[in-house]
Amino acid sequence: MPSPPHLHPSRRTLLRTLAAGGTGLALGPLTACAGPTGAPGPRTLSLGLNRSLVSLDNKLNQFDAAVTVQRGVRQALTTIRPDLSVAQVLADRFEMTSPTTWTVRLRDGIHYSDKRPVRVEDVATALRLYGKVDGSFIRGLFPELPTVERVDDRTFLLHTRRPVPVLDRLMANILITPAADNRAEELRSGVGTGPYRVVAANSGTGEYTLTRNPHYWGTPPHVDRVQVRFVPEESSRVVGIRSGELDVVDTLTPDSADQLDGLPGVRLDRVPGVRICQLFYNFRKPRSHPLSDARVRKALTHAVDGDALIKDVLTKSAVEAQGVLPLALEGAVRTGSYRHDPAAAREQLRALGADGMRLTIIWESGEFAGDASVMEALVEMLRDAGVRAQLKQFQPGGDILAWRQGRGGDWDVIGNGFPGTTGQALTSLQAMYAGTAEDDKTGDAFMGYVKPHIERQLSDAAEETDAKKRARKLNAAQRAVWDTWPCLWSFVPKTVQARRDRVTDLELAPLNCYDLSTVRLEG
């Protein structure tokens, strides 16, 4: 919500205040957090997440740190390594044997934590049920979900109508569950093939207890017990890691990282990120609305001082996006840049009959580090361009999903983070920008983004089996997307987490997750 008139500081004053940890503008109340309450035992790894883990499934809930926990319990046929290459997990063969067919073989002897064997039917059921979830983040990554043809007890074929040359990467996101237990919804607990099993779960508080799976088919994990806790307040996560009550905390702002850097007993992990954070426009507006005009969307971008946000609010913990995707993703290209010019924003909006606009900006707390500070600064920047904005902040586990799908309420701009889960530009582009009118009937078109000419370009690129031709087509498609001005502003955060020095062999990936099974506790 906007602040009272007597609290309107200049942008420079506001940015300095925010960088120092002030709040600047009034917001709705944050979720209270009591903070960590006790040190973990010598064989227990304690994780403090900045967002609530509402399930151990990933059909809808796919923020970065959640992947670490979810894949500790459930596994996929393949995975994406920290170097962004693809590796086999439940499969020991995953090979394209024709442009529209992949031959897959399950590993011999793999089974779930209750000793049931993994069957071809489980894979077929998982694919079918992922396709039945409205608004599924994972479903949006696939140009189409493959069908399964059983060959024998371990071997099957994955068929697609059109070529999907990165299907081995996409299948890293389909977590396998026994067919009899699976449902077309997020599973709160249950049986998996992973190195850990769930012994306690509270999706309301985001707290889970995992213990070593005694029947794990692979190399046993080194840690006996993992305690997962939702700690929304960054200050509480910092206190927890300093005191030793938390072993690992994710998504730190630079201020918190500076507090912890060089502290005895604490180490910081930093890797380049492949997540893009966006101030994405609502593309479900009627044609009569100013935001349905790409010229208005572009004019509004001139109100945003990206350099100041990077330097003074995000304190150089991110870089301004130079395209529609992080450039670290394979196939991503530079397509343009944002230009700060509030006078030009005023002039262009007036010429387009869109002066005096009022915007509603929504986001979920914890969507990215420093989210509230960015939003508060944004209100002041828009005001300088003659645009009034109000903020609506959702708490984790709230109903922002319904708003994203067009079922909750009206909004104009959403703060959103989108991870590069496959290491490939293609799949992120498909998920965000290849939506169709049919997809949007179920809320599956990303923020209502439906541009038939873009969808055709991306579908053509997605079906191209020649890597060089595919790269050229993706290049053109990304430039076409940029020209629609989908974002008021966007940036790529650097991935930073903190851990106690007793935690070793933790390899943080650019996807902002890691393999729980390799982590060790010393001392």
Next item on the list: Verify whether one side chain among D439 and T436 offers a donor that lies under 3.5 Å from an acceptor in the other.
Entry: yes
Margin query: If you take the centroid of each ring, where Trp contributes its six-membered ring, are F142 and Y130 closer together than 6.0 Å?
Written below: no
Next item on the list: Just grab all the ring pair (Phe, Tyr, Trp, His ring centres under 6.0 Å) pairs involving residues 69-102, residues at least two apart or on different chains.
Entry: F94-W102
Check: Around atom NZ of K285, are there more than 12 heavy atoms of other residues, nucleotides or ligands at under 6.0 Å?
Finding: yes
Note to self: Less than 6.0 angstrom separating the ring centers of F418 and F280, yes or no?
What the structure shows: no
Checklist line | Atom CZ of R119 with >12 non-hydrogen neighbours under 6.0 angstrom | finding: no
Check: Cut-off 3.5 Å, side chains only: do Q75 and T193 have a donor facing an acceptor?
Finding: yes
Note to self: According to side chain to side chain donor-acceptor pair (under 3.5 Å), who are the partners of E95, at least two apart in sequence or on a separate chain?
What the structure shows: R93
Check: Does T177 offer a backbone N or O that forms a donor-acceptor pair with the side chain of R74 under 3.5 Å?
Finding: no
Checklist line | Listed partners of D168 passing salt bridge (Lys or Arg N to Asp or Glu O under 4.0 Å), at least two apart | finding: none
Note to self: Taking side chain to side chain donor-acceptor pair (under 3.5 Å) as the definition, give me every residue that meets it alongside T422, ordered by chain and number, with sequence neighbours left out.
What the structure shows: T427
Margin query: Whether R295 and D293 form a salt bridge (side-chain N of Lys/Arg under 4.0 Å from carboxylate O of Asp/Glu) is what I want to check.
Written below: yes
Next item on the list: May I ask you to check whether over 12 heavy atoms, not counting those of Q405, lie within 6.0 Å of atom CD?
Entry: yes
Checklist line | Carboxylate-amine/guanidinium proximity below 4.0 Å for R161 and E463 | finding: no
Next item on the list: Any side-chain hydrogen bond (donor to acceptor under 3.5 Å, both in side chains) involving residues 343-362? Give me the pairs, sequence neighbours left out, ordered by first then second residue.
Entry: T360-Q390
Which pairs would a plain distance check flag for residues 479-488, meaning a side-chain donor or acceptor within less than 3.5 Å of a matching protein atom at least two apart in sequence or in another chain?
unit_1: R479; atom_1: NE; unit_2: N475; atom_2: OD1; d: 2.8
unit_1: R479; atom_1: NH1; unit_2: R334; atom_2: O; d: 3.4
unit_1: R479; atom_1: NH2; unit_2: R334; atom_2: O; d: 3.4
unit_1: T484; atom_1: OG1; unit_2: Y449; atom_2: OH; d: 2.8
unit_1: T484; atom_1: OG1; unit_2: V481; atom_2: O; d: 2.6

Next item on the list: Tell me yes or no: between the side chains of D444 and T442, is some donor less than 3.5 Å from an acceptor?
Entry: yes
